[in-house]
Visitor: 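Sharing a structure with you now.
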Amino acid sequence: QVQLVESGGGLVQPGGSLTLSCAFSGATMDFYAIAWFRQVPGKKREAVSLIDNRTGEMYYADFVKGRFTISRDNAEKTVNLQMNSLKSEDTAAYYCAAAHEERLFLQRWFDQFEYEYWGQGTQVTVSS
């Protein structure tokens, strides 16, 4: 059974940086696409970024392009999200999610229902 554990959240000032990590276990990570989502209480969970292992492609939501970078280390079974130039509107709980590559429809990478496994989340607060 795949398990995901996020870490690295915290309080940061506007303009600052944080790196979130997602630790993957329970299967071979090579076969899974890993994404980051975020959610603010009372709002819909929204996709932030995806890294696809088969193609090596990375996908980003428009609101993080140029500021966030996703990366993966299959040997270490981790996926990182480097977040720079943080804004107050980036405040949210951040979740990593995994989908088996044979079942993920890449054109719908932003749809939370494409993902089978989820972590518990890590809180990011951007405030002065």
Visitor: Is the backbone of Met29 close enough, under 3.5 Å, to the side chain of Arg72 for a donor and an acceptor to pair up by distance?
Guide: yes
Visitor: Working to the nearest 0.5 Å, report the span between NZ of Lys77 and OG1 of Thr28.
Guide: 5.5 Å
Visitor: Would the distance check show the side chain of Ser49 and the main-chain N or O of Tyr59 forming a donor-acceptor pair, the cut-off being under 3.5 Å?
Guide: yes
Visitor: Answer yes if Trp36 and Met58 sit in the same cluster of Ile, Leu, Val, Met, Phe, Trp and Tyr residues linked by side chain heavy atoms under 4.5 Å apart, and no otherwise.
Guide: yes
Visitor: Describe, in one word, how the ring planes of Tyr95 and Trp118 are oriented to each other, choosing from parallel (under 30°), tilted (30 to 60°) and perpendicular (over 60°).
Guide: perpendicular
Visitor: Work out which heavy atom in Ala61 is nearest to a heavy atom in Ala47; give both atom names and the distance.
Guide: CB-O, 3.4 Å
Visitor: What do the steps show when you test Tyr117 against Tyr32 for side-chain contact (heavy atoms from CB on, under 4.5 Å), and what is the final call?
Guide: CA-CA 10 Å; Tyr117 303 102; Tyr32 287 82; 4.0 Å; yes
Visitor: Report the C-alpha separation of Met83 and Tyr94 in whole Å, then their side-chain angles, then the decisive distance to 0.1 Å, and conclude whether the side-chain contact (heavy atoms from CB on, under 4.5 Å) test is met.
Guide: CA-CA 12 Å; Met83 307 186 296; Tyr94 283 73; 4.0 Å; yes
Visitor: Please state whether the rings of His100 and Phe31 are parallel, tilted or perpendicular, taking 30° and 60° as the class boundaries.
Guide: parallel
Visitor: Scan for disulfide (SG to SG under 2.5 Å) pairs involving residues 40-122, sequence neighbours excluded, and state none if there are none.
Guide: Cys22-Cys96
Visitor: Tell me the closest heavy-atom pair linking Ser17 and Asn84, and the distance in Å.
Guide: OG-OD1, 2.9 Å
Visitor: For Phe113, is there any backbone N or O sitting under 3.5 Å from a side-chain donor or acceptor partner on Asp111?
Guide: yes
Visitor: If two hydrophobic side chains count as joined below 4.5 Å and joins carry through other members, does Val5 share a cluster with Leu20?
Guide: no
Visitor: For Glu116, is the CD atom crowded, meaning more than 12 foreign heavy atoms sit under 6.0 Å from it?
Guide: yes
Visitor: When you measure from the side chain of Glu6 to the backbone N and O of Gly121, does any donor-acceptor pair fall under 3.5 Å?
Guide: yes
Visitor: Quick one: pull up CG in Asp52 and CG in Leu106 and give me the separation to the nearest 0.5 Å.
Guide: 4.5 Å
Visitor: Return each pair, listed once, that meets salt bridge (Lys or Arg N to Asp or Glu O under 4.0 Å) where at least one residue sits in residues 90-100; pairs must be two or more places apart or across chains.
Guide: Arg38-Asp90, Arg67-Asp90
Visitor: Hydrophobic cluster membership, with links at side-chain heavy-atom distances under 4.5 Å among I/L/V/M/F/W/Y: are Leu104 and Phe24 in one?
Guide: no
Visitor: Grab the two heavy atoms, one from Val2 and one from Ala27, that are nearest each other, plus how far apart they are.
Guide: CG2-CB, 3.8 Å
Visitor: Could you walk me through whether Ile70 and Tyr60 pass side-chain contact (heavy atoms from CB on, under 4.5 Å), step by step?
Guide: CA-CA 9 Å; Ile70 193 169; Tyr60 296 95; 3.5 Å; yes
Visitor: Would you say Glu101's side chain and Asn53's backbone share a donor-acceptor pair under 3.5 angstrom?
Guide: yes
Visitor: Taking CD in Glu89 as the centre, count heavy atoms belonging to other residues, nucleotides or ligands within less than 6.0 Å. Is the count above 12?
Guide: yes
Visitor: What are the two closest heavy atoms between Ala33 and Leu50, and how far apart are they?
Guide: CB-CD1, 3.8 Å
Visitor: With a 4.5 Å cut-off on side-chain heavy-atom distances among I, L, V, M, F, W and Y, is there a chain of contacts connecting Val64 to Phe37?
Guide: no
Visitor: Can a donor-acceptor pair be found, under 3.5 Å and without considering hydrogens, that links the side chain of Tyr115 to the backbone of Trp109?
Guide: yes
Visitor: Report the distance from atom CG of Leu18 to atom OG1 of Thr122, rounding to the nearest 0.5 Å.
Guide: 8.5 Å
Visitor: Would you name the heavy atoms of Ser21 and Asn80 that are closest together and state the gap between them?
Guide: OG-OD1, 2.7 Å
Visitor: Going by distance alone, is a donor N or O of one side chain under 3.5 Å from an acceptor N or O of the other, for Gln82 and Thr19?
Guide: yes
Visitor: Can you tell me how far apart OG1 (Thr78) and CG (Asp73) are? Round to the nearest 0.5 Å.
Guide: 5.0 Å
Visitor: Taking Thr91 for its side chain and Val126 for its backbone only, find out whether a donor-acceptor pair lies under 3.5 Å.
Guide: yes
Visitor: Keeping the roles fixed (side chain from Glu114, backbone from Phe105), state whether a donor-acceptor pair exists under 3.5 Å.
Guide: yes
Visitor: Could you tell me which non-hydrogen atom of Ala98 sits nearest to which non-hydrogen atom of Leu4, and how far apart they are?
Guide: N-CD1, 3.7 Å
